[in-house]
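The structure appears right after this line, and notes come after that.
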Amino acid sequence: MSWLEAIILGLVQGLTEFLPISSSAHLRIVGELLGMNDPGAAFTAITQIGTESAVVIYFWRDILRILSQWFKAMPWVTAERRVSQADPDVRMGWMIIVGSIPIGVLGLLLEDWIDFQFRNLWITVTMLAFFAILLGAADRFAPRFKTLDRMSWKDAILYGFAQAMALIPGVSRSGGTITMGRVMGYTREAAARYSFLLAMPAVFASGFYKLFKVLTGGDSVYAGPTLVATLIAFVVGYAVIVWFLKIVSTRSYQPFVVYRLVIAAAIAVLLGMGVLTAVPVAA
């Protein structure tokens, strides 16, 4: 991987991570168009540390408040200082934990499939198109009345399985969770906000797990270019968060639906022409 390729892939990661269009699919496609086949699951996971760090910076007040209240609700805290489990921030802490379990378990069980089989571009095409239709239907027809303080345990689990679908390139982590949120009746703002918060444990766990494997020789990446791509993804990702949260309050998700369908069709055409290879060479 060259420095220019790293810069381009970092820009792609930062631009696409928080939009419901699948950053892993874009990295896979752009990487091959740059002539480097597939950047790989390890590169993708590590660069996501950059974009997720942007989430921490943007939501740091919310994160600190949730963590503080959650710890204050633990049994080891004295009764006079203990916070009720019914506190909204304590509940949100538990909801994020519960919602993170499916992707954690499935990520470990399906690691080989995630690294190779799921990266087949025909699967990516199918997921881009299928979840575009789901997102479009949910955003247009589902009710919009629920806020995050009304989240139930069932909702958190369903959100978690929707996030776990993003282990397949083309689904999109934000796309899957936002679609599920809209199906369950959450407002666009609430669905997007929870999507950002829910992603943090899974993305950081995946990124640092892959980083550990790289450092111990289990996986390989180009160290310098990967670091550059991660830093660029952080800066660009922060700007995208600010922009995205502003538009979801007044705009629908329909432009992203159209984009997903167009990019799915474009990938299918390029595959048919032999410009793109469905299965990564590494597989």
Side-chain angles (χ1 to χ4, degrees), residues 17-18 20 48-49 51-107 138-139 142-166 173-209 234 237-238 240-242 244-250 253:
E17 173 66 19
F18 303 117
Q48 285 175 342
I49 295 175
T51 45
E52 214 55 40
S53 296
V55 175
V56 173
I57 299 299
Y58 187 87
F59 288 105
W60 72 271
R61 289 189 179 89
D62 293 339
I63 295 168
L64 286 179
R65 189 184 66 251
I66 291 170
L67 286 174
S68 174
Q69 293 297 92
W70 187 82
F71 277 108
K72 289 178 181 177
M74 293 298 102
W76 57 74
V77 178
T78 57
E80 60 271 15
R81 298 181 60 188
R82 188 178 306 152
V83 175
S84 170
Q85 290 288 340
D87 180 89
D89 289 321
V90 176
R91 278 181 52 80
M92 179 54 64
W94 283 116
M95 295 298 173
I96 292 171
I97 292 172
V98 170
S100 299
I101 293 173
I103 195 170
V105 174
L106 292 174
D139 192 49
R144 297 190 291 270
F145 63 91
K146 293 174 74 173
T147 52
L148 294 183
D149 59 335
R150 299 180 61 182
M151 186 179 295
S152 67
W153 296 109
K154 181 190 77 172
D155 290 353
I157 294 171
L158 290 174
Y159 259 123
F161 279 104
Q163 178 179 233
M165 287 295 296
R173 186 187 312 275
S174 62
T177 52
I178 288 172
T179 299
M180 180 60 73
R182 295 293 296 111
V183 167
M184 295 188 294
Y186 286 89
T187 65
R188 292 186 181 120
E189 301 94 318
R193 190 177 187 85
Y194 184 67
S195 174
F196 285 132
L197 295 173
L198 178 62
M200 285 189 297
V203 172
F204 278 125
S206 173
F208 284 112
Y209 172 68
F234 165 74
Y238 186 89
V240 170
I241 294 172
V242 175
F244 185 61
L245 288 178
K246 284 182 178 179
I247 68 166
V248 293
S249 60
T250 56
Y253 289 113

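Quick note: residue numbers are just sequence positions, from 1.
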With a 4.5 Å heavy-atom cut-off, do Arg173 and Gln48 have their side chains touching?
yes

Find out whether Thr179 and Tyr253 are in side-chain contact, i.e. whether some heavy atom of one side chain is under 4.5 Å from a heavy atom of the other.
no

Residues which pass side chain to side chain donor-acceptor pair (under 3.5 Å) with Gln163, listed by chain and number, not counting sequence neighbours:
none

To the nearest 0.5 Å, tell me how far Trp70 CH2 sits from Arg91 CZ.
15.0 Å

With side-chain contact (heavy atoms from CB on, under 4.5 Å) as the criterion, how do Met95 and Tyr159 come out once you've worked through the C-alpha distance, each side chain's angles and the decisive distance to 0.1 Å?
CA-CA 10 Å; Met95 295 298 173; Tyr159 259 123; over 6 Å; no

Which residues share a ring pair (Phe, Tyr, Trp, His ring centres under 6.0 Å) with Phe244, sequence neighbours left out
Phe256

Between Arg182 and Arg188, is there a donor-acceptor pair closer than 3.5 Å when you use the side chain of the first and the backbone of the second?
no

Across all chains, not counting sequence neighbours, the side-chain contact (heavy atoms from CB on, under 4.5 Å) partners of Tyr238 are Ala54, Ile57, Tyr58, Val242

I need the full list of salt bridge (charged side-chain N to carboxylate O under 4.0 Å, His left out) pairs touching residues 54-78, with sequence neighbours left out, sorted by first then second residue.
Asp62-Arg65, Asp62-Arg193, Arg65-Asp89

Least distance between heavy atoms, Ala73 atom then Ser84 atom
CB-O, 4.5 Å

Point-to-point distance, once rounded to the nearest 0.5 Å, from CD1 of Ile63 to CG of Leu197:
6.5 Å

Residues in side-chain contact (heavy atoms from CB on, under 4.5 Å) contact with Val98, at least two apart in sequence or another chain
Trp153, Ala156, Ile157

Smallest separation among heavy atoms of Gln69 and Val83, with atom names
NE2-CG1, 3.8 Å

side-chain contact (heavy atoms from CB on, under 4.5 Å) for Glu17 and Val240? Distances and angles first, verdict last.
CA-CA 9 Å; Glu17 173 66 19; Val240 170; over 6 Å; no

Going by the side-chain hydrogen bond (donor to acceptor under 3.5 Å, both in side chains) test, which pairs reach into residues 194-208, not counting sequence neighbours?
Thr177-Ser195

Any chance CZ of Phe161 has more than 12 other-residue heavy atoms, nucleotides or ligands included, within less than 6.0 Å?
no

Closest non-hydrogen atom pair between Gly176 and Ala162, with its separation:
O-CB, 3.4 Å

Going from CD on Gln85 to CE on Met74, what distance comes out if it is rounded to the nearest 0.5 angstrom?
5.0 Å

Residue pair Val56 / Met200, side-chain heavy-atom distance below 4.5 Å
yes

In this structure, OG1 of Thr147 is separated from OH of Tyr186 (nearest 0.5 Å) by 8.0 Å

To the nearest 0.5 Å, tell me how far Phe59 CZ sits from Leu245 CG.
5.0 Å

According to the interplanar angle, ranging from 0 to 90°, do the rings of Phe71 and Trp76 count as parallel (below 30°), tilted (30 to 60°) or perpendicular (above 60°)?
tilted

From Phe196 CZ over to Ser174 OG, what is the distance, rounded to the nearest 0.5 angstrom?
7.0 Å

How close do Ile96 and Pro201 get, heavy atom to heavy atom, and via which atoms?
CG2-CG, 3.8 Å

Would you sort out whether Ile49 and Phe204 count as a side-chain contact (heavy atoms from CB on, under 4.5 Å), showing the intermediate values?
CA-CA 6 Å; Ile49 295 175; Phe204 278 125; 4.1 Å; yes

